[in-house]
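Please read the structure below before turning to the comments.
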Amino acid sequence: MLWSPSAKRVESSQLSAFMKALNTEFNLNLKNYADLHAFSVGKKDLFWKFLISYFGVAYEGSLDPALLEEGFENYTWFSNVKINSAENLLKNGKADAVALNFQHESKRTRKITYKELRTEVKALQTYLKSVMKKGDVLAAYMPNIPETAISMLAASSMGGVFTSTSCDFGIEGVLDRFGQSEPKVLVAAVGYEYGEKYFDLQEKLAEIEKRIPSLEKIILVDFLGRGYELSKFSKAVDYKEIIAKNMSDDKIEFTRVPFAHPQYIMYSSGTTGKPKCIVHSQGGTLLQLIKEMGLHCDMTAEKKILYFTTCGWMMWNWLMGGLYSGGTVVLYEGSPATPSPEYFFNVIEREGVNIFGTSPKFLKALEDTHAKFKDYPTLETILSTGSPLLPEQYDFVYNNIKKDVLLGSISGGTDIVSCFMLACPILPVYRGEIQCRGLGMDVKALDENGKSVVGVEGELVCAQTFPSRPIYFLNDANKEKIKAAYFDQIPGVWTHGDFVKVTEHGGVIVYGRSDATLNPGGVRIGTAEIYRQTEGLAFILDSLCVGRPVEGDVEVVLFVKLKANEELTLERKKQIKDLIKKNTTPRHVPREIYVVKDIPYTRSGKKVELAVARVLAKKPVTNLEALTNPESLEEYYQYQA
Ligand SMILES: CC(=O)CC(=O)O
């Protein structure tokens with residue numbers, strides 16, 4: 001065990017208070033997290049209904065029945081409820097409490113109180129009502145700045161649907177996404193800065209305006225004040241101007257919509273075709289995020305949460321859930337390494353961040369740059385997601401960043417705009433293990449016979465339906481795409497595509513994507529098992545491991561990116577192989593180890609093993625726009641089977 005919460009932290013947590021209240025309400029005797037989790041999945045209808053009343057969610061209609069059908073065939077949660085997610089996200093913050101604290105790499109900042117936020121959302125909503133109606137889509141091609149959150153809240157407040165990509169997407173990537181979701185309104189930054197470099201987006205935007213026929217208006221945001229030429233566009237209006245014109249003291253009108261009304265369109269980052277458009281509900285997303293923020297992250301009105309994310313990653317949508325608490329959401333825009341990782345941590349110190357979210361990739365970069373850390377008195381929780389957090393990274397955080405901190409690896413994704421496994425303020429942290437399975441999420445590891453197993457690797461499934469499952473996919477009238485994505489593999493359950501182990505502590509270890517598992521000699525090996533070994537080596541900067549088909553079998557091939565001025569000598573190859581053999585099994589040992597200049601990553605920071613595996617297996621790779629560095633794939637072609 002690396003850390004355990006103090007008695008005070010356990011007692012003062014919202015999760016403990018929630019469990020107590022649940023015991024009183026239903027005359028139960030739940031004593032610990034395992035009991036609470038068992039209740040939440042055993043009596044899921046009572047659990048979700050209680051969550052709604054406990055957290056004071058605003059809605060109209062009847063909570064009965066919580067669910068019309070068991071199973072995953074149809075979305076039938078709270079079919080008699082009408083709700084508005086923006087109304088809920090904006091209702092709890094005190095007028096003068098800071099809702100959004102914007103921090104830019106250039107040291108620009110802006111703090112917006114809940115009162116100011118409501119006023120700006122109202123102003124934008126007034127304008128949007130002249131262009132779009134309930135059910136229409138507003139797309140954002142935006143950095144992580146307050147205007148993006150305001151656009152989401154304004155669209156949601158009137159029953160609009162919100163979708164976003166980050167500004168580093170190229171034209172084709174934007175068209176692949178918004179071309180499918182068909183927005184009426186596009187909110188777009190005219191430029192942004194990253195790593196002290198300015199990226200002017202005007203040319204790209206002019207092209208996008210021409211190529212998305214559904215667009216009726218483009219709202220241009222010049223948040224850096226660099227100026228732009230409105231005449232380059234035929235449908236553009238200026239964000240600041242429309243806000244100034246529509247300012248009023250009137251309250252926002254919230255359109256309550258059916259619980260299963262669409263809220264977000266998200267995009268899969270597959271490498272085998274156009275991204276799939278995953279549609280999430282207003283009610284399901286809201287409930288899930290209230291649960292995760294309130295119970296699992298212990299976010300309150302007094303706290304500040306910063307998750308380092310772009311608007312092209314679901315963690316942005318997740319972060320917006322922090323507003324429900326009435327606390328502060330800190331938006332960080334720019335490169336976390338500009339001017340230095342230390343500067344980024346200064347933000348945590350200076351702004352008094354309590355919950356900080358990052359990724360294993362950033363933690364590794366911090367380790368590699370030997371960043372210096374100070375004391376972060378307010379920091380109580382560090383979250384990490386994007387890929388499995390390796391055991392050595394737990395050591396790094398506790399030895400270098402802070403000793404008394406809850407290190408919560410969390411895992412789920414775009415498909416559920418939330419998590420299956422996550423942090424828990426009343427449980428200890430074990431090295432390399434995600435603390436718990438989420439409340440209301442009937443998560444299991446199934447072996448090859450479909451049996452739920454503990455202590456051995458299996459396929460991650462969710463055995464029962466949950467409110468934040470997608471309502472549908474776009475362009476999927478016969479539900480073929482959604483079935484193929486989650487329900488075809490193992491009948492009756494949600495198969496997530498992760499290869500995991502449920503531990504004896506009730507925690508979970510993720511070994512990688514199950515479609516990227518290596519199968520040499522028929523034995524399933526998660527890629528994270530290999531990275532655990534390679535990425536601790538001082539000469540390796542990064543690595544990627546895939547299976548290469550050979551004569552009816554698969555051989556393990558390892559690609560390594562070396563640190564500057566390092567070499568992969570024969571001794572070092574042997575060292576890698578010996579280490580893998582010693583700490584895993586002989587089957588894990590790579591047949592070949594190749595040095596590459598770069599490892600391909602998605603824009604949300606995931607290694608794209610599947611794309612490399614397809615290259616090696618001579619299969620086509622598409623949707624390259626999902627990658628930050630698609631050119632890196634070139635050098636892998638020489639290693640084809
Ligand atoms: C919560 C997550 O699972 C985020 C991700 O890895 O995309």
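This structure is a prediction, so every number in the text was calculated from the model and none was measured. Whatever order the structure lists them in is the order used to number ligands and atoms, beginning at 1.
Between Arg177 and Glu625 there is no salt bridge, since no side-chain N of the basic residue sits under 4.0 Å from a carboxylate O of the acidic one. Under 4.0 Å is where a charged nitrogen must lie from a carboxylate oxygen, and between Lys444 and Glu459 no such pair does. With respect to the salt-bridge test (charged N to carboxylate O, under 4.0 angstrom), the residues Arg469 and Asp415 do not qualify.
Judged by the shortest distance from any of its heavy atoms, Ser604 lies outside the 4.0 Å radius around the atoms of ligand 1. Residue Trp313 places a heavy atom under 4.0 Å from ligand 1.
Of all the atoms in ligand 1, the ones that sit under 4.0 Å from a non-hydrogen atom of Gly413 are 1 (C), 2 (C), 3 (O). Near Ser411, the atoms of ligand 1 lying under 4.0 angstrom from a non-hydrogen atom of the residue are 3 (O). Those atoms of ligand 1 with a heavy atom of Gly386 less than 4.0 angstrom away are 6 (O).
Every N/O-N/O distance between Cys419 and ligand 1 stays at or above 3.5 Å. By the 3.5 Å distance cut-off applied to N or O atoms, Lys606 is counted among the residues near ligand 1.
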> Under the salt bridge (charged side-chain N to carboxylate O under 4.0 Å, His left out) criterion, do Asp442 and Arg437 qualify, and how do the steps go?
Replying inline: CA-CA 8 Å; Asp442 197 3; Arg437 288 166 282 178; over 6 Å; no

> Step by step, would you call Ser543 with Glu535 a side chain to side chain donor-acceptor pair (under 3.5 Å)?
Replying inline: CA-CA 7 Å; Ser543 58; Glu535 292 182 13; 3.0 Å; yes

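The nearest heavy-atom contact from the protein to atom 4 (C) of ligand 1 is Thr385 OG1, 3.3 Å. Nearest protein heavy-atom contact of atom 3 (O) of ligand 1 is Gly412 N, 2.8 Å.
Aromatic ring pairs are classed by plane angle as parallel below 30°, tilted from 30° to 60° and perpendicular above 60°; the pair Trp494 and His496 is parallel.
In this structure, Lys361 is positioned above the aromatic face of Tyr601, its NZ or CZ under 6.0 Å from the six-membered ring centre and within 45° of the axis.
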